[in-house]
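Worksheet: one structure, shown below.
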Protein chains: 2
Amino acid sequence: MHKENNLSKNQQIIFDLINKSSEPLKAYTILFNVQKRGIKAPPQVYRALDKLVQTGKIHKIESKNAFVACRNTNCEMSKATAFSICESCEMVDEISDAKLNKYLSSFNDKKGTKYKRFNLEFFGLCKKCK
Amino acid sequence: MHKENNLSKNQQIIFDLINKSSEPLKAYTILFNVQKRGIKAPPQVYRALDKLVQTGKIHKIESKNAFVACRNTNCEMSKATAFSICESCEMVDEISDAKLNKYLSSFNDKKGTKYKRFNLEFFGLCKKCK
DNA sequence: TTACATAGTGTTATATTATAACAAACCTTA
DNA sequence: TAAGGTTTGTTATAATATAACACTATGTAA
């Protein structure tokens with residue numbers, strides 16, 4: 001029996017927290033929130049986050065140094081990510097748009113280079129803030 | 001006579017450094033390199049960087065926390081930025097592709113939201129590293 | 001010219017984000 | 001059981017970024 005894609009204890013604790021959050025969580029916010037569950041130090045958090053990002057369970061919002069759960073069944077390896085970010089309320093939504101995804105995944109630059117991975121962040125005002 | 005788009009002393013020093021660099025520079029690398037020119041403390045660097053980013057003279061590579069000079073005469077306000085990033089040698093190139101730019105600038109998500117700004121980062125291997 | 005507003009500067013201290021390094025525990029599979 | 005990988009716990013510290021305050025320079029408008 002080989003290893004399932006199951007999460008380890010710390011990974012599960014941290015994934016659960018991020019997954020039930022409606023907004024991106026920062027590493028030290030996570031740390032604070034899981035201390036009651038025995039996770040006491042930054043490396044424990046960052047290690048779990050790294051692993052969750054690698055496996056595509058969560059994504060890092062680079063412009064905010066914060067993490068959201070993946071809402072897209074297709075992006076298992078975080079190869080193609082796109083987000084909309086509200087500049088007013090800080091809300092973040094993962095964009096799941098097949099056409100956009102296809103367009104960018106097959107994008108070649110002028111030198112003909114293809115890429116393995118991309119991350120796209122859109123900024124504007126969300127419906128509520130408009 | 002109204003104000004030109006000229007840079008202040010610190011802004012100019014820091015822009016010159018970034019502009020002549022072939023690779024993205026980090027804030028503390030910049031600080032180290034401009035100390036001989038009288039810029040001694042982080043806030044001086046970050047303030048100049050903020051202003052240069054706002055005016056589109058430089059861009060921040062979010063995934064690297066590093067800064068590059070704008071190579072694109074069109075993106076004066078940093079509203080539409082795209083980069084190719086080599087995962088091996090860390091080289092960064094600004095992508096200037098009118099079609100891509102147009103496609104993303106006019107992108108609407110499923111809720112019909114338009115965005116003011118985007119930042120796109122492609123990852124892969126550059127020509128040298130392939 | 002003076003006076004006001006705005007932007008920029010210099011400085012100290014501190015907040016926030018992230019990793020190094022090492023030892024121990026825990027699974028898996030041979 | 002032994003070997004190898006991954007996860008954990010821990011302390012310390014590195015790297016990135018901002019708060020706050022006093023002061024200076026510059027542009028604009030009366």
Side-chain angles (χ1 to χ4, degrees), chain A residues 1-18 21 23-68 85 90 92 119 121, chain B residues 1-18 21 23-68 77 90 92 119 121:
Chain A
M1 202 155 68
H2 69 83
K3 175 148 192 180
E4 309 291 333
N5 291 25
N6 291 332
L7 302 180
S8 74
K9 179 173 134 281
N10 288 359
Q11 288 159 19
Q12 189 70 56
I13 291 170
I14 286 171
F15 176 72
D16 288 345
L17 183 70
I18 295 171
S21 170
E23 55 184 18
L25 295 179
K26 297 185 158 243
Y28 277 75
T29 304
I30 293 167
L31 175 57
F32 179 81
N33 277 280
V34 297
Q35 281 181 325
K36 58 179 92 70
R37 307 209 48 193
I39 295 174
K40 290 176 189 158
Q44 295 174 286
V45 173
Y46 280 100
R47 283 191 294 227
L49 290 172
D50 285 349
K51 186 65 191 235
L52 291 166
V53 166
Q54 273 168 37
T55 57
K57 303 279 287 177
I58 66 172
H59 304 301
K60 182 172 187 180
I61 308 301
E62 294 287 357
S63 61
K64 299 170 79 69
N65 298 316
F67 299 85
V68 295
I85 302 172
E90 313 274 286
V92 172
N119 180 55
E121 300 183 2
Chain B
M1 201 154 67
H2 67 84
K3 175 151 190 177
E4 310 290 334
N5 292 24
N6 291 333
L7 302 180
S8 74
K9 180 174 134 281
N10 289 359
Q11 288 159 20
Q12 188 68 58
I13 291 170
I14 286 172
F15 175 72
D16 288 345
L17 183 69
I18 295 171
S21 170
E23 55 184 18
L25 295 180
K26 295 180 159 249
Y28 276 75
T29 304
I30 292 167
L31 175 57
F32 179 81
N33 277 281
V34 297
Q35 280 182 325
K36 58 179 91 68
R37 307 207 49 193
I39 296 175
K40 290 176 188 157
Q44 295 174 287
V45 173
Y46 281 100
R47 283 190 295 226
L49 290 173
D50 286 350
K51 185 65 191 234
L52 291 166
V53 166
Q54 274 169 37
T55 56
K57 302 280 286 179
I58 65 173
H59 303 301
K60 183 173 188 180
I61 307 301
E62 294 286 357
S63 61
K64 300 169 82 67
N65 298 317
F67 299 85
V68 296
M77 308 301 269
E90 313 276 285
V92 171
N119 180 53
E121 300 184 2

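In what follows, chains carry the letters A, B, and so on, assigned in the order in which the sequence lines appear, proteins first and then strands, with residues in each chain numbered from 1.
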Query raised in the report: Do the side chains of B:Thr29 and B:Phe32 get nearer than 4.5 Å, heavy atoms only?
Result: no

Query - For A:Glu90, side chain to side chain contact (heavy atoms under 4.5 Å, CB included) partners two or more places apart - result: A:Lys64

Query raised in the report: CG of A:Leu49 to CD1 of A:Ile58: how many Å apart, nearest 0.5 Å?
Result: 4.5 Å

Query raised in the report: With side chains defined as the heavy atoms from C-beta onward, is the minimum distance between B:Ile39 and B:Ile30 less than 4.5 Å?
Result: no

**Report entry** Distance, rounded to the nearest Å, where B:Lys64 contributes NZ and C:dA18 contributes C1'
**Finding:** 16 Å

Query raised in the report: Are any of A:Lys51's side-chain N or O atoms less than 4.0 Å away from OP1 or OP2 of D:dT7?
Result: yes

Query raised in the report: Between D:dT7 atom P and A:Asn6 atom CG, what is the distance in whole Å?
Result: 12 Å

Query raised in the report: Axis-to-axis angle across the helix from C:dT1-D:dA30 to C:dA30-D:dT1, five pairs an end, to 10 degrees?
Result: 40°

Requested in this report: Give, ordered by number, those residues of residues 28-41 of chain B having at least one heavy-atom distance below 4.0 Å to an atom of DNA chain D; if nothing qualifies, reply none.
Outcome: B:Tyr28

Query raised in the report: Using a cut-off of less than 4.0 Å, is there contact between a side-chain N or O of B:Tyr46 and OP1 or OP2 of D:dT18?
Result: no

**Report entry** Interatomic distance, B:Gln54 CD vs C:dA7 C1' [rounded to whole Å]
**Finding:** 11 Å

Query raised in the report: Does OP1 or OP2 of D:dT6 have a side-chain N or O of A:Ser8 closer than 4.0 Å?
Result: no

Requested in this report: With sequence neighbours excluded, tell me which residues meet side chain to side chain contact (heavy atoms under 4.5 Å, CB included) with A:Glu23.
Outcome: A:Ser21

Query - Which residues share a side chain to side chain contact (heavy atoms under 4.5 Å, CB included) with B:Arg37, sequence neighbours left out - result: B:Ile13

Query raised in the report: Which one, C:dA18, D:dT18, D:dT11, comes nearest to the side chain of A:Lys60?
Result: C:dA18

Query raised in the report: Between D:dA15 and B:Asn65, is there an OP1 or OP2 to side-chain N/O distance shorter than 4.0 Å?
Result: no

Requested in this report: For A:Arg47 and for A:Pro42, find the nucleotide of DNA chain D with the closest heavy atom, then tell me which residue's nucleotide is more 5'.
Outcome: A:Arg47

Query - A:Asn10 side-chain N/O to D:dG9 phosphate OP1/OP2 under 4.0 Å - result: yes

Query raised in the report: Starting at CG of A:Leu49 and ending at C1' of C:dT17, how long is that distance when rounded to a whole Å?
Result: 12 Å

Query raised in the report: Within less than 4.0 Å of OP1 or OP2 of C:dG10, is there a side-chain N or O belonging to B:Lys9?
Result: yes

Query raised in the report: Is any side-chain nitrogen or oxygen of A:Lys26 closer than 4.0 Å to OP1 or OP2 of C:dT17?
Result: yes

Query raised in the report: In whole Å, what is the span from the CG atom of A:Asp50 to the P atom of D:dT6?
Result: 14 Å

Query raised in the report: Listed by chain and number, what are the side chain to side chain contact (heavy atoms under 4.5 Å, CB included) partners of A:Ser63, not counting sequence neighbours?
Result: A:Ile61, A:Ile85, A:Glu121, A:Phe123, B:Glu62

Query - Atom-to-atom span, CG of A:Leu25 to P of C:dT16 - whole angstrom - result: 16 Å

Query - Separation between NZ of B:Lys60 and CG of B:Leu52, rounded to the nearest 0.5 Å - result: 13.5 Å

Query raised in the report: Does OP1 or OP2 of C:dT11 have a side-chain N or O of B:Gln44 closer than 4.0 Å?
Result: no

Query - Sequence neighbours excluded - side-chain hydrogen bond (donor to acceptor under 3.5 Å, both in side chains) pairs with any residue from residues 9-18 of chain B - result: B:Ser8-B:Gln11, B:Gln12-B:Asp16

